[in-house]
Amino acid sequence: MSSTIGEKIKISVFGESHGKAIGIVVDGLPTGMKIDMDKVLHEMKRRAPGNDKTATPRKEADFPEILSGVVDNVLTGAPLCAIIHNNNTKSKDYSDIKRCPRPGHSDYPAYVKYNGFNDIAGGGHFSGRITAPIVFAGAVCKQLLEEKGIKVTAHINSIGNVYDEEFNPCNIDNETIDRLLNSSFPLIDESKEEPMRKVVSDASADKDSVGGTIECGVVGVKAGIGEPMFDGIEGRIAKAVFGIPAMKGIEFGKGFDLSEMRGSESNDNFRYDENGNVYTKTNNCGGILGGITNGMPIVFKVAVKPTPSIAQKQETINLETKENDILEIKGRHDPCIVLRAVPVIEAITAITILDLLS
Ligand SMILES: Cc1cc2nc3c(=O)[nH]c(=O)nc-3n(C[C@H](O)[C@H](O)[C@H](O)COP(=O)(O)O)c2cc1C
Ligand SMILES: C=C(O[C@@H]1CC(C(=O)O)=C[C@@H](OP(=O)(O)O)[C@H]1O)C(=O)O
């Protein structure tokens, strides 16, 4: 399995959901920065399971134990390695799934690829759980980016058919960024929390799940970062985002809506401000032209699929008897992944942006 990404800042994620621990090695970090562990723990808590009605009831502390790369909270330049122990596993829930792969989860393709030797318990290495170490690495990268005046923020853009407001793509202000970071349900329009929660609880009551979208913004990246063609910023962010389980679509700026606009509507007109700085009057391109940043906020949306493990009876196959079968999944699952994926999208974006700038 290859769970490594990055050029200058390289991450390697390891572990399985029901193994002893999961973790990450981060290579290429600069030396000397003091890590604010309170900020790291805050990010871990935003993603941790067991804390919200829209989340799996599996309770984990998600405390990152740092094994190397830090002395007295300061980055040493050695590979940064942290592990997170798995304490609240219930592997019995997965006894049927070994035989009967879950529709929508990785069980069947992983069974074929690894000749049935892959660890199925809790989704093994394919579990959303292994996004916890990514959030750890992202929290460190966020702090390094902040020293460069760059901030990464995200919010729930939709759950089911209930939509939040979008970012102002030309100006995502510090007040909004701080509010979202400290919110237990990050929305621009907080009145949408209740209807969104209802969509999730209605699905749960039907033994079902729902998906949604997340909008992410990066402010403070100067113009001129990125490469043309295959190493463009869109490609680098998309590759990293698609490494996160359940992420199924991405669009930059106005994305698919651009296809219905005229050029006169979609083009972002350039202007100088009173200090001679270049800006654009709109930001339909999401801050990226030709694969290279134009100095405006980088803005993109990610589509999150409904959680595959649902409690309804579902058709599947039986890999032992080689017959068609019915599966009824027992166990603890997120009825909606979107809320917990918000800090994950921020983290993987922060890691990618820091890599691009290193
Ligand atoms: C934070 C997070 C939590 C998740 N929780 C669950 C879950 O409780 N149950 C489940 O079946 N899938 C969950 N997933 C999604 C699966 O891990 C994912 O759908 C599966 O590995 C198949 O990969 P794919 O959807 O990217 O194709 C979660 C994903 C993330 C990012
Ligand atoms: C534990 C987490 O989420 C898990 C992600 C997950 C999956 O299939 O992705 C399945 C469930 O695992 P389990 O059956 O062990 O409870 C979730 O609880 C986590 O994100 O920390």
Side-chain angles (χ1 to χ4, degrees), residues 1 3 13 15-19 21-23 43-64 84-98 101-111 113 118-136 138 154 156 200 203-204 207-214 238-250 302-312 314 316 327 329-348:
M1 292 188 189
S3 298
V13 185
E16 284 133 330
S17 180
H18 288 195
I22 51 179
E43 296 285 352
M44 299 302 290
K45 198 164 164 222
R46 290 173 74 207
R47 192 220 70 94
N51 293 328
D52 191 273
K53 279 210 170 114
T54 69
T56 166
R58 178 170 162 183
K59 275 264 175 212
E60 293 284 358
D62 279 4
F63 182 81
I84 297 154
H85 289 273
N86 295 318
N87 294 312
N88 186 216
T89 57
K90 265 182 75 198
S91 302
K92 211 158 68 59
D93 290 340
Y94 288 82
S95 49
D96 290 347
I97 291 163
K98 186 87 192 156
R102 287 169 292 175
H105 214 295
S106 55
D107 309 333
Y108 176 68
Y111 168 87
K113 183 169 169 66
N118 57 300
D119 180 9
I120 206 92
H125 189 67
F126 294 89
S127 174
R129 171 132 192 85
I130 68 162
T131 58
I134 291 172
V135 170
F136 166 77
I156 300 172
V200 181
S204 270
K207 300 185 173 184
D208 217 333
S209 63
V210 279
T213 56
I214 293 168
K239 181 178 177 186
V241 163
F242 283 134
I244 306 302
M247 304 302 130
K248 291 294 157 184
I250 190 162
V302 180
V304 186
K305 79 183 197 183
T307 315
S309 301
I310 55 173
Q312 281 176 24
Q314 296 176 87
T316 188
L327 174 68
I329 298 170
K330 297 168 200 77
R332 305 166 297 178
H333 294 278
D334 295 290
C336 180
I337 293 164
V338 177
L339 171 64
R340 297 181 55 229
V342 168
V344 180
I345 292 301
E346 289 177 13
I348 198 67

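Counting starts at 1 for both ligands and their atoms, in listed order. No experiment lies behind these values; they were computed from the predicted model shown.
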Student: What atoms of ligand 1 come within less than 4.0 Å of a heavy atom belonging to Arg340?
Tutor: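 Under 4.0 Å from Arg340, ligand 1 has these atoms: 3 (C).
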Student: Just going by heavy-atom distances, which of Arg340, Arg58, Lys90 is nearest to atom 19 (C) of ligand 2?
Tutor: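 Selected option, by shortest heavy-atom distance: Arg340.
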Student: Spell out, as yes or no, whether a donor-acceptor pair under 3.5 Å connects the side chain of Arg47 to the backbone of Arg340.
Tutor: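 Answer holds: no.
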Student: So does Ile310 get a backbone contact from the side chain of Ser209, meaning a donor-acceptor N/O pair under 3.5 Å?
Tutor: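 Flag not set: sc Ser209 to bb Ile310 has no pair under 3.5 Å.
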Student: Around atom 20 (C) of ligand 1, find the nearest protein heavy atom and jot down its residue, atom name and distance.
Tutor: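 I find the closest protein heavy atom is His105 CE1, 3.4 Å.
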Student: Could you tell me whether a side-chain N or O of Glu43 sits under 3.5 Å from a main-chain N or O of Phe136, the two making a donor and an acceptor?
Tutor: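 Here the side-chain-to-backbone pair does not exist.
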Student: Which protein non-hydrogen atom lies closest to atom 18 (O) of ligand 2, naming both residue and atom, and how far is it?
Tutor: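 Heavy-atom neighbour on the protein nearest atom 18 (O) of ligand 2: Thr56 OG1, 3.0 Å.
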Student: Which residue and non-hydrogen atom of the protein lie closest to atom 23 (O) of ligand 1, and at what distance in Å?
Tutor: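 Of the protein heavy atoms, Ala246 N, 4.2 Å lies nearest.
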Student: Answer yes or no for Gly123: is there a heavy-atom contact with ligand 1 below 4.0 Å?
Tutor: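 Gly123 does not count as a contact of ligand 1 under the 4.0 Å cut-off.
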Student: Just go through Glu60, His105, Arg332 and tell me whose heavy atom is the nearest to atom 17 (C) of ligand 2.
Tutor: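 Looking at heavy atoms only, Arg332 sits closest to atom 17 (C) of ligand 2.
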Student: Which ligand 2 atoms does His333 reach within 4.0 Å, using its non-hydrogen atoms?
Tutor: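 Counting from 1, the qualifying ligand atoms are 10 (C), 11 (C).
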Student: Looking only at protein heavy atoms, which one is nearest to atom 15 (C) of ligand 1, and how far off is it?
Tutor: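 For atom 15 (C) of ligand 1, the nearest protein heavy atom comes out as Ile337 CD1, 3.6 Å.
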Student: Which atom pair, heavy atoms only, marks the closest approach of Ser106 to Phe126?
Tutor: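 Minimum heavy-atom contact is OG-CB, 3.1 Å.
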Student: Does Ser309 approach ligand 1 within less than 4.0 angstrom via side chain, backbone, both or neither, non-hydrogen atoms only?
Tutor: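 Both parts.
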Student: Would you mind running through ligand 1 and noting each atom that sits below 4.0 Å from a heavy atom of His333?
Tutor: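 Selected atoms, number and element: 7 (C), 8 (O), 9 (N), 10 (C), 11 (O).
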Student: Go through the structure and list residues passing side-chain contact (heavy atoms from CB on, under 4.5 Å) with Ser17, not counting sequence neighbours.
Tutor: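 So Ser17 forms a side-chain contact (heavy atoms from CB on, under 4.5 Å) with Arg58, Ser127, Arg129.
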Student: Checking a contact table here: which protein heavy atom is nearest atom 13 (P) of ligand 2, and how many Å away?
Tutor: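 Minimum-distance protein heavy atom for atom 13 (P) of ligand 2 reads Tyr94 OH, 3.5 Å.
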Student: Should one rank Ser127, Ala55, Pro49 by closest heavy-atom distance to atom 4 (C) of ligand 2, which comes out on top?
Tutor: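 Residue with the shortest heavy-atom distance to the ligand atom: Ser127.
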Student: Would you check whether Val344 reaches within less than 4.0 Å of ligand 1, judged by its heavy atoms?
Tutor: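 Flag not set, Val344 not near ligand 1.
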Student: Of the protein's non-hydrogen atoms, which lies at the shortest distance from atom 25 (O) of ligand 1, and what is that distance?
Tutor: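 For atom 25 (O) of ligand 1, the nearest protein heavy atom comes out as Lys305 NZ, 2.8 Å.
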Student: Please work out whether any backbone atom (N, CA, C, O) or any side-chain heavy atom from C-beta onward of Arg129 is under 4.0 Å from ligand 2, and answer side chain, backbone, both or neither.
Tutor: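 Contact part for Arg129 vs ligand 2: both backbone and side chain.
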Student: Please tell me if the side chains of His125 and Asp119 come closer than 4.5 Å, counting only heavy atoms from C-beta onward.
Tutor: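 They are not in side-chain contact.
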Student: Is the NZ atom of Lys98 crowded by more than 12 outside heavy atoms at less than 6.0 Å?
Tutor: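 Atom NZ in Lys98 is crowded, with more than 12 foreign heavy atoms closer than 6.0 Å.
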Student: Near Arg47, which atoms of ligand 2 are under 4.0 Å from a heavy atom of that residue?
Tutor: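 Ligand 2 atoms under the 4.0 Å threshold to Arg47: 19 (C), 20 (O), 21 (O).
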Student: Which atoms form the tightest heavy-atom contact between Asn88 and Glu60, and what is the distance?
Tutor: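 Scanning both residues, the minimum pair turns out to be N-OE2, 2.8 Å.
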Student: In terms of atom number and element, which parts of ligand 2 are under 4.0 angstrom from non-hydrogen atoms of Gly128?
Tutor: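 Matching atoms, with element in brackets: 5 (C), 7 (C), 9 (O), 20 (O).
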Student: Inspect the surroundings of NZ in Lys45 and state if more than 12 heavy atoms from other residues, nucleotides or ligands are less than 6.0 Å away.
Tutor: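 At most 12 heavy atoms, drawn from other residues, nucleotides or ligands, come within 6.0 Å of this atom.
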Student: Starting from atom 18 (C) of ligand 1, what is the nearest protein heavy atom, named by residue and atom, and what distance separates them?
Tutor: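 Checked against all protein heavy atoms, atom 18 (C) of ligand 1 sits closest to Pro245 CB, 3.7 Å.
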Student: Just need the protein heavy atom nearest to atom 5 (N) of ligand 1, so name the residue and atom and give the distance.
Tutor: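 Ranked first by proximity to atom 5 (N) of ligand 1 is Asp334 OD2, 2.6 Å.
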Student: When you measure from atom 27 (O) of ligand 1 to every protein heavy atom, which one gives the shortest distance, and what is it?
Tutor: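 Closest protein heavy atom to atom 27 (O) of ligand 1: Lys248 NZ, 2.8 Å.
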Student: Would you mind listing which atoms of ligand 1 come within a distance below 4.0 Å of any non-hydrogen atom of Thr307?
Tutor: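 Within the 4.0 Å cut-off of Thr307, ligand 1 contributes 6 (C), 7 (C), 9 (N), 10 (C), 11 (O), 12 (N), 13 (C).
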Student: Identify the protein heavy atom lying closest to atom 21 (O) of ligand 1, giving its residue, its atom name and the separation to 0.1 Å.
Tutor: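 Here the nearest protein heavy atom works out to Phe126 O, 2.8 Å.
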Student: For Val338 and Thr213, work out which heavy atoms get closest and say how close.
Tutor: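 So the minimum-distance heavy-atom pair works out to CG1-O, 4.0 Å.
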Student: Is Lys248 reaching over with its side chain to a backbone N or O of Ala303, donor-acceptor style, under 3.5 angstrom?
Tutor: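 Not confirmed, Lys248 side chain does not pair with Ala303 backbone.
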Student: Does only the side chain of His18 get under 4.0 Å from ligand 2, or the backbone, or both, or neither? Count heavy atoms.
Tutor: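 The part of His18 near ligand 2 is the side chain, not the backbone.
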Student: Does the Asp96 side chain pair with the main chain of Leu327, one donor and one acceptor, at a distance under 3.5 Å?
Tutor: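 No: the side chain of Asp96 does not pair with the backbone of Leu327.
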Student: Residues two or more places apart in sequence or in another chain: which of them pass side-chain contact (heavy atoms from CB on, under 4.5 Å) with Ser204?
Tutor: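 side-chain contact (heavy atoms from CB on, under 4.5 Å) check on Ser204 returns Pro335.
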Student: Would you say His18 and Ser91 are linked by a side-chain donor-acceptor pair, where the criterion is simply a distance under 3.5 Å?
Tutor: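 Ser91 vs His18: donor-acceptor pair found between side chains.
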